[in-house]
Amino acid sequence: MNHKKKFNHLSRTSAHRKALLSNMAASLILHKRINTTVAKAKALKMYVEPLITKSKNDNTHSRRVVFSYLGQKEAVTELFGEVAPKIVNRLGGYTRILRTGNRLGDNAETCIIELVDFNTTYTEVKQETKKSTTRRRRSSKKAVEETVEEISKAE
């Protein structure tokens, strides 16, 4: 049985597809977010998430394995130096795909793919400021009657 053996070939030869995904993965690691089409983003997600998981274990073997996929020394250094310490407690789901609509030229569905822990909009822990509530007492009938009398005397 060959279940789960399909993936998106992206209308490219295998060498072209490997080069495309390698370059996109390196760009994603270096820049933390990139704009692309949804199909490429989904393929990139499947490509880059196992590499990020490998980066949790910082040894020579895992660095060499990741380098064989990425092919850029700067991206490997960034992955093991800056990205891995931030995602060490996360069990998976290191990337997020945010759809941005269709492209004007060819109507392709575009999106932003980003590393989850590096988007400050979603990861900021909002500190709750305690509101000082004003305490109001109910006015008694006596006080209301007195103010009404004062107003009527003034007229």
Side-chain angles (χ1 to χ4, degrees), residues 1-140:
M1 285 193 248
N2 59 352
H3 296 300
K4 195 70 174 148
K5 294 290 182 187
K6 293 182 180 177
F7 60 93
N8 195 343
H9 296 285
L10 301 172
S11 300
R12 288 163 170 80
T13 61
S14 64
H16 187 187
R17 188 172 52 253
K18 287 175 188 172
L20 171 84
L21 292 174
S22 173
N23 286 331
M24 286 178 68
S27 295
L28 178 65
I29 291 166
L30 290 173
H31 301 293
K32 311 300 186 268
R33 95 177 9 187
I34 56 173
N35 294 317
T36 184
T37 62
V38 173
K40 286 180 189 173
K42 287 179 179 179
L44 179 61
K45 187 172 191 164
M46 288 175 50
Y47 186 86
V48 80
E49 291 210 359
L51 300 180
I52 296 173
T53 303
K54 280 208 185 309
S55 73
K56 289 182 179 182
N57 187 10
D58 188 6
N59 57 27
T60 307
H61 177 67
S62 57
R63 280 182 178 264
R64 285 179 177 168
V65 169
V66 170
F67 181 74
S68 72
Y69 280 91
L70 294 180
Q72 291 185 21
K73 196 185 295 185
E74 299 83 18
V76 174
T77 306
E78 181 86 10
L79 178 63
F80 281 88
E82 193 176 325
V83 177
K86 270 197 158 180
I87 54 97
V88 73
N89 295 325
R90 188 176 285 276
L91 297 176
Y94 310 112
T95 57
R96 176 186 295 125
I97 295 175
L98 303 168
R99 294 169 190 256
T100 57
N102 293 353
R103 196 161 48 199
L104 270 175
D106 58 355
N107 206 30
E109 194 175 1
T110 59
C111 67
I112 295 172
I113 183 168
E114 64 184 4
L115 295 175
V116 170
D117 292 317
F118 288 89
N119 188 341
T120 57
T121 306
Y122 294 113
T123 57
E124 269 183 1
V125 178
K126 293 180 182 174
Q127 296 177 351
E128 295 179 18
T129 56
K130 201 171 191 181
K131 289 185 178 179
S132 61
T133 56
T134 57
R135 300 186 67 186
R136 295 187 181 105
R137 283 200 244 160
R138 266 180 103 161
S139 60
S140 63

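Note that these values count all heavy atoms, side chains included, but never hydrogens, waters or copies made by symmetry.
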TODO: Can you see which heavy atom on Ala108 is nearest to which on Thr37, and at what distance?
DONE: CB-CG2, 4.3 Å

Open item on the list: Once rounded to the nearest 0.5 Å, what's the spacing between atom CG of Leu21 and atom CZ of Arg12?
Closed with: 9.0 Å

Task: Where Val83 and Phe118 come nearest, the two heavy atoms and their spacing - done: CA-CZ, 3.8 Å

Open item on the list: Distance check, rounded to the nearest 0.5 Å: Tyr94 atom OH versus Ile87 atom CD1?
Closed with: 5.0 Å

TODO: Looking only at non-hydrogen atoms, find the nearest pair between Met46 and Phe7 and report the distance.
DONE: CE-CB, 4.3 Å

TODO: Give, for atom CG of Leu79 and atom CG of Leu115, the distance between the pair rounded to the nearest 0.5 Å.
DONE: 9.0 Å

- [ ] Write down the atom of Phe80, the atom of Asp58, and the distance for their closest heavy-atom approach.
- [x] CD2-OD1, 3.4 Å

TODO: Could you tell me the separation between the NE2 atom of His16 and the NE2 atom of His9, rounded to the nearest 0.5 Å?
DONE: 15.0 Å

Task: Distance in Å, Ile29 CD1 paired with Ile52 CD1, rounded so as to fall on 0.5 Å steps - done: 6.0 Å

Task: Thr95 vs Leu44 side-chain heavy atoms within contact, under 4.5 Å - done: no

TODO: Write down the atom of Asn57, the atom of Ser62, and the distance for their closest heavy-atom approach.
DONE: O-OG, 2.5 Å

TODO: Please determine which of Asn35, Thr100, Asn102 meets the side-chain hydrogen bond (donor to acceptor under 3.5 Å, both in side chains) test together with Thr110.
DONE: Thr100

TODO: Please round to the nearest 0.5 Å and tell me the distance separating atom OG1 of Thr36 and atom CG of Leu20.
DONE: 7.5 Å

Open item on the list: For the NZ atom on Lys42, are there more than 12 heavy atoms of other groups (residues, nucleotides or ligands in this structure) within a distance under 6.0 Å?
Closed with: no

- [ ] Show your working on side chain to side chain contact (heavy atoms under 4.5 Å, CB included) between Gln72 and Asn23 and close with a plain yes or no.
- [x] CA-CA 9 Å; Gln72 291 185 21; Asn23 286 331; 3.8 Å; yes

Task: Residues that Glu78 engages under salt bridge (charged side-chain N to carboxylate O under 4.0 Å, His left out), provided they are two or more places apart - done: Lys32

Open item on the list: So which atom in Ile113 and which in Ala41 form the shortest heavy-atom distance, rounded to 0.1 Å?
Closed with: CD1-O, 3.6 Å

